[in-house]
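See structure below.
Quick caveat: nothing in here was measured; it's all calculated off a predicted structure. One-based numbering, in listed order, for ligands and for the atoms of each.
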Amino acid sequence: MLSAVGPPVTVRVPAKINLHLAVGDLREDGYHDLVTVFQALSIADEVTVTRAVRDAIEPGVSVSGADGVDVSEVPADTTNLAWRAVEALARRVDREPDVRVGLHKAIPVAGGMAGGSADAAGALLAAASLWRVEMGREGLMEIAAEVGSDVAFALHGGTALGTGRGERLVPVLSRHTFHWVVAVADHGLSTPTVFGELDRLRARPEAPRRVGDVEPVLEALASGEARSLALLLGNDLQAAAVSLDPGLRRTLRGGVDAGALAGVVSGSGPTCVFLCDGQDAAVRVAAELAGAGVCRTVRVAHGPVPGARVVDGDGGSPGPPSPPRPDPGPGAYA
Ligand SMILES: C[C@@](CO)(OP(=O)(O)O)[C@H](O)COP(=O)(O)OP(=O)(O)OC[C@H]1O[C@@H](n2ccc(N)nc2=O)[C@H](O)[C@@H]1O
Ligand SMILES: Nc1ncnc2c1ncn2[C@@H]1O[C@H](COP(=O)(O)OP(=O)(O)O)[C@@H](O)[C@H]1O
């Protein structure tokens, strides 16, 4: 049934990067166990959920892109992850998904920065707020984890250690703000294809080396020293992403040549992220990398930032989903 119109709810939800991504062997259910350190960055999508109104606002999904963001591969139908999140919540509270979900995307699509998961988390929080669902943080996190491996982190934000499929989260103490340059490719990489390529590479005698233990990464984050963290960035999926897209070698080299402390492929790629020694350094690295012709666009970002939060039209929200974070960074998105 379609309800009377009320104010829409808008949620801002950040991209993530993986500072450390250790991938275990293929499980029987087709997933891999992960040990990962997520950080939420100041590149954010906006998700607006509006009540559907008969003959005026149809239930469904609309997608638009911020400057330079190609949204042609984002489905504007029921396969969109944001719509699946709304449906999952509607089922849980036994109602119709009688809403329109508007996505304004700044997070690169299929870039390894969990843009679809961010939209799902944003839609979940916005719909819960619009419908005044009293389910608390734990309830939303549970639905988030069902929708996708990275959705729970997009609600959580900050810096967190993820285990299982990446959906079991523990907040990580991260002192100070880290400054990043993000190199966006002119194409995407499919997450399952990259995991499959890693399995293939690991079956060969010269299997790629695995990343080390996570503890030193947690210590570097607690110290807040970018130079220490730079030495420890690591991603088991990087070898697979580079194998599928050998041009990424040039991108990774280009960032370091431009003056970054270190670079790593984000998640399943092909976006590469470069840790810089402060904000001014990041701006310089970004300018030089942009001129090097090794990626489509370059962005400057900082992290950690908070997870999904209502920025407009709070319809009596169930409260912020995240627990107190040790250091959510400066709070404002760039
Ligand atoms: C690799 C990571 C690292 O943070 O990020 P992205 O590069 O996608 O941003 C994530 O694990 C991606 O999470 P997400 O994109 O939510 O994946 P899902 O939809 O749950 O899974 C898509 C497919 O990826 C593979 N997959 C995903 C997660 C996991 N722990 N093991 C897997 O093998 C499976 O083939 C699965 O069918
Ligand atoms: N809301 C969404 N935003 C982006 N992509 C989406 C969304 N919903 C479904 N998708 C599909 O998921 C794929 C992966 O997108 P995305 O989440 O941006 O990348 P990644 O998994 O690399 O972090 C896209 O190619 C697209 O087909």
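Among L189, D33, T191, the residue whose heavy atom lies closest to atom 15 (O) of ligand 1 is T191. Residue nearest to atom 31 (N) of ligand 1, selected from E146, H32, R165: H32 (by heavy-atom distance). Across A110, P75, G267, heavy-atom proximity to atom 15 (O) of ligand 2 is greatest for A110.
The contact set between ligand 2 and G116, taken as ligand atoms under 4.0 Å from a residue heavy atom, comprises 1 (N), 2 (C), 3 (N), 4 (C), 7 (C), 16 (P), 17 (O), 18 (O). Every atom of ligand 1 is numbered from 1 in the order shown, and the set under 4.0 Å from a heavy atom of L34 is 11 (O), 30 (N). Counting the atoms of ligand 2 from 1 in the order shown, those under 4.0 Å from a heavy atom of G111 are 19 (O), 22 (O). Of all the atoms in ligand 1, the ones that sit under 4.0 Å from a non-hydrogen atom of N18 are 3 (C), 4 (O). Atoms of ligand 1 lying under 4.0 Å from any heavy atom of M113, numbered from 1 in the order shown and given with element: 9 (O). Each of the atoms 1 (N), 2 (C), 3 (N) of ligand 2 lies under 4.0 Å from some heavy atom of D119. Interface atoms of ligand 2 facing E73, defined by a heavy-atom separation under 4.0 Å, are 26 (C), 27 (O). When each atom of ligand 2 is checked for a heavy atom of V109 under 4.0 Å away, the hits are 18 (O). Every atom of ligand 1 with a heavy atom of S117 under 4.0 Å away is listed here by number and element: 16 (O). Shown in contact with K105 at under 4.0 Å from a heavy atom are these atoms of ligand 2, numbered in order with element: 3 (N), 4 (C). Below 4.0 Å from some heavy atom of M113 lie the following atoms of ligand 2, by number and element: 23 (O). Atoms of ligand 1 lying under 4.0 Å from at least one heavy atom of G267, given by number and element, are 7 (O). Here is the list of ligand 1 atoms found below 4.0 Å of a heavy atom in F38: 4 (O). For ligand 2, the atoms closer than 4.0 angstrom to any heavy atom of A114 are 23 (O). Close contacts between ligand 1 and L237 involve ligand atoms 1 (C) [criterion: under 4.0 Å to a heavy atom].
In terms of protein heavy-atom proximity, atom 5 (O) of ligand 1 is closest to D150 OD2, 3.0 Å. Looking at atom 21 (O) of ligand 2, its nearest protein heavy atom turns out to be T191 OG1, 3.1 Å. For atom 34 (C) of ligand 1, the closest non-hydrogen atom of the protein is G30 O, 3.7 Å. Atom 20 (O) of ligand 1 has as its closest protein heavy atom S149 OG, 2.5 Å. Nearest protein heavy-atom neighbour of atom 21 (O) of ligand 1: Y31 CE2, 3.8 Å.
Under the 4.5 Å side-chain contact rule for hydrophobic residues, V265 and V194 do not share a cluster.
At least one N or O atom of K16 sits closer than 3.5 Å to an N or O atom of ligand 1.
Inside a 4.0 Å radius of atom 4 (C) of ligand 2 there is at least one protein heavy atom.
Ligand 1 is never approached by G166 to a heavy-atom distance shorter than 4.0 Å. The closest approach between a heavy atom of R84 and any atom of ligand 2 is not below 4.0 Å.
Contacts between F195 and ligand 1, counted as non-hydrogen atom pairs separated by less than 4.0 Å, involve the side chain only. The proximity of L103 to ligand 2, defined as any non-hydrogen pair under 4.0 Å, is limited to the side chain. Contacts between L81 and ligand 2 below 4.0 angstrom, taking non-hydrogen atoms only, involve backbone and side chain alike. Under 4.0 angstrom from ligand 1, there are no non-hydrogen atoms of L26. Within the 4.0 Å heavy-atom criterion, both parts of N80, backbone and side chain, lie near ligand 2.
At a cut-off of 3.5 Å, with distance as the only test, a side-chain donor of Q39 or T159 sits close to an acceptor on the other residue.
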### Message
With salt bridge (charged side-chain N to carboxylate O under 4.0 Å, His left out) as the criterion, how do R299 and D67 come out once you've worked through the C-alpha distance, each side chain's angles and the decisive distance to 0.1 Å?
### Response
CA-CA 12 Å; R299 312 271 297 270; D67 254 5; over 6 Å; no
### Message
For a salt bridge (charged side-chain N to carboxylate O under 4.0 Å, His left out) check, start with the C-alpha distance between R202 and D236, then their side-chain angles and the critical distance, and finish with the verdict.
### Response
CA-CA 11 Å; R202 281 180 170 175; D236 277 342; 3.2 Å; yes
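Within a 6.0 Å sphere centred on CZ of R204, other residues, nucleotides and ligands contribute more than 12 heavy atoms. Within a 6.0 Å sphere centred on CZ of R250, heavy atoms belonging to other residues, nucleotides or ligands number 12 at most.
Between F153 and H156, the ring planes are parallel. Angles under 30° get that label, and only those over 60° would be called perpendicular.
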